[in-house]
Trainee: 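First the structure, then my questions, so here it is.
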2 protein chains.
Amino acid sequence: MNASRTARERVRAELIKEITDIARRHLATEGATGLSLRAVAREMGMVSSAIYRYFPSRDDLLTALIIDGYNALGEAVERADAACARDDFFGRWLAVCRAVREWALAHPHEYALLYGSPVPGYAAPQDTIAPAVRDTAVYGRIVADAHHAGRLAPPPICPPPPAVLAEDAEIVRSLMPDVPDDVIARAITAWTGLFGMVSFELFGQFNNTITHRAELFEHNMTCLARLIGLPD
Amino acid sequence: MNASRTARERVRAELIKEITDIARRHLATEGATGLSLRAVAREMGMVSSAIYRYFPSRDDLLTALIIDGYNALGEAVERADAACARDDFFGRWLAVCRAVREWALAHPHEYALLYGSPVPGYAAPQDTIAPAVRDTAVYGRIVADAHHAGRLAPPPICPPPPAVLAEDAEIVRSLMPDVPDDVIARAITAWTGLFGMVSFELFGQFNNTITHRAELFEHNMTCLARLIGLPD
DNA sequence: TATTCGTCAAGAGCACTGCTCTCTAATCGC
DNA sequence: GCGATTAGAGAGCAGTGCTCTTGACGAATA
């Protein structure tokens, strides 16, 4: 009885996987706005209304893709970090940066879904917030590790962060325990700088201007590493 | 005869303006994907097909809005810069940063159109590239002015930029004449950092994490200013 | 002045979308 | 085996961008 019940549920799970796979392929070629439930159904040989048995709305399908995307990016970042020597903090940071950029270049529409303009009328549900910080968690660990190893030497160029930021730092500290507020503030600067750079490249702001993007990226990420005090 | 011809053209120009005005309002409330030619036509008391006399396609209407958006942002940035003492380079940078952020917060959907994920299938035509650099031109002038005044003291934390970036620097230098390559590289880092920060805030990456966004923004922009060596 | 001619709005229509509803058929648990 | 649950099919609604044709108006010309 358990086997039979899982039989139905298994085909259901398989269909859900097939739907998301096709949807992800469509997303990769057409982008988020071009993702059509009817087109997915057509490719599955289904009638469009049948899809609604598995995803109550287009937004729910989008949510599934967003979660998958965060996990894929997070996994890529985790792998890149794991391939580095634990005490090579600068190398780990650079590996993470490269992983983010390369994943984004390989999956531009998925990156846009995660870090681009939000889809109007779409509110990310709670299920997305855990996978969303997978990459950030890796980054936080690098900063925290470097700090605890006493290898973080931030240059004395930034003023101390305003006291009111201490509240927010409390939350961020869950990703990088026992790290002081000023390091957290710089860490946020570098992290937003990374994604600002990737977004500029991907969203066309470098068109007609920057051609050697990989080199510029490497150099900029190095500068940002210096800003947070990562050793060479 | 000339007067009569301009009479026709005048009503035409007025209608075009009315269409873009309504479209901009719709864009502000619904976002780019929610912008519908039919809805605009409905509000004008026109039939949908009549709109195509003025904008051959939805993309052309979008292009008009994009150009308007770049100009509006550029103007806001220019005004902010003009309100500062010419030799207060740090103040000018901060004013520009604030202007960008405030304009973005006031016009989130327009900002998303300019700096968010590109609309799939839409290729920005040549007419957009001139207005697109209006804000960047202001920024370039600040950096160049500070450099020429001998007030740029970049901290010795960044390695020299790779030689291959010299080609790209040549193009960027049209916005900040006679500025050396390493300053240009840092300037790009700061500029992408600014938009990375604004995009993170606007696109929801700070949700459930950062609450004191204005304070964090000020602090981060100060750090970036230090990175490029702007004096206090 | 009368007549072309270009411009414009209107309407119908095509192919597409997300989504809802009802109906039928298969499947599962008892 | 039987009642209850679930899956798929199909029609249909309201909306979209866009095209094509038709008829009206105004301006330049014969």
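Protein chains get the first letters and strands the later ones, always in sequence-line order, with residue 1 at the start of each. Fair warning: this is a prediction, and the values are worked out from it, not measured in the lab.
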Trainee: Rounded to whole Å, please give me the gap between CG in B:Leu61 and C1' in D:dT16.
Mentor: 14 Å
Trainee: Check whether any side-chain nitrogen or oxygen of A:Tyr52 sits under 4.0 Å from OP1 or OP2 of C:dC21, and answer yes or no.
Mentor: no
Trainee: Taking A:Asp21 first and then A:Arg25, would you say they form a salt bridge - that is, a charged N and a carboxylate O separated by under 4.0 Å?
Mentor: no
Trainee: Whole-Å distance between D:dG8 C1' and A:Tyr54 OH?
Mentor: 8 Å
Trainee: Where along residues 34-43 of chain B does a heavy atom fall under 4.0 Å from DNA chain D?
Mentor: B:Leu35, B:Ser36, B:Leu37, B:Arg38, B:Arg42
Trainee: When you check the gap from the basic side-chain N to the acidic O, do A:Asp181 and A:Arg173 get nearer than 4.0 Å?
Mentor: yes
Trainee: Write down the distance between CD1 (B:Ile16) and C1' (C:dC8), rounded to a whole number of angstrom.
Mentor: 13 Å
Trainee: What contact category does A:Ser57 fall into here, base, sugar-phosphate, or nothing, at under 4.0 angstrom with non-hydrogen atoms?
Mentor: sugar-phosphate
Trainee: Checking salt bridge (Lys or Arg N to Asp or Glu O under 4.0 Å) against B:Glu218, which of B:Arg98, B:Arg101, B:Arg213 comes through?
Mentor: B:Arg98
Trainee: Specify the separation, in whole Å, of atom CZ of B:Arg58 and atom C1' of C:dT17.
Mentor: 13 Å
Trainee: Return whichever of B:Ser49 or A:Arg53 has its heavy-atom-nearest nucleotide of DNA chain D closer to the 5' end.
Mentor: A:Arg53
Trainee: Hey, is A:Glu110 close enough to A:Arg24 for a salt bridge, meaning N to O under 4.0 Å?
Mentor: no
Trainee: Remember a base hit wins even if backbone is also touched, and classify B:Leu15 as base, sugar-phosphate or nothing at under 4.0 Å, heavy atoms.
Mentor: sugar-phosphate
Trainee: To the nearest Å, give me how far apart CD1 (B:Ile19) and C1' (C:dC8) are.
Mentor: 12 Å
Trainee: A:Glu9 CD to C:dG29 P: how many Å, rounded?
Mentor: 9 Å
Trainee: Does B:Phe203 have its ring centroid less than 6.0 Å away from the ring centroid of A:Tyr115?
Mentor: no
Trainee: May I have the distance from B:Ile51 (atom CD1) to C:dG11 (atom C1'), rounded to whole angstrom?
Mentor: 15 Å
Trainee: Only counting residues at least two apart or in another chain, list the ones meeting salt bridge (Lys or Arg N to Asp or Glu O under 4.0 Å) with A:Glu75.
Mentor: A:Arg79
Trainee: Nearest whole Å is fine: how far is D:dG10 P from A:Met46 CE?
Mentor: 13 Å
Trainee: Please work out whether the ring planes of B:Phe195 and B:Tyr111 are parallel, tilted or perpendicular, with thresholds of 30° and 60°.
Mentor: parallel
Trainee: So, does A:Arg12 get its side chain near the phosphate of D:dT6, meaning an N or O under 4.0 Å from OP1 or OP2?
Mentor: no
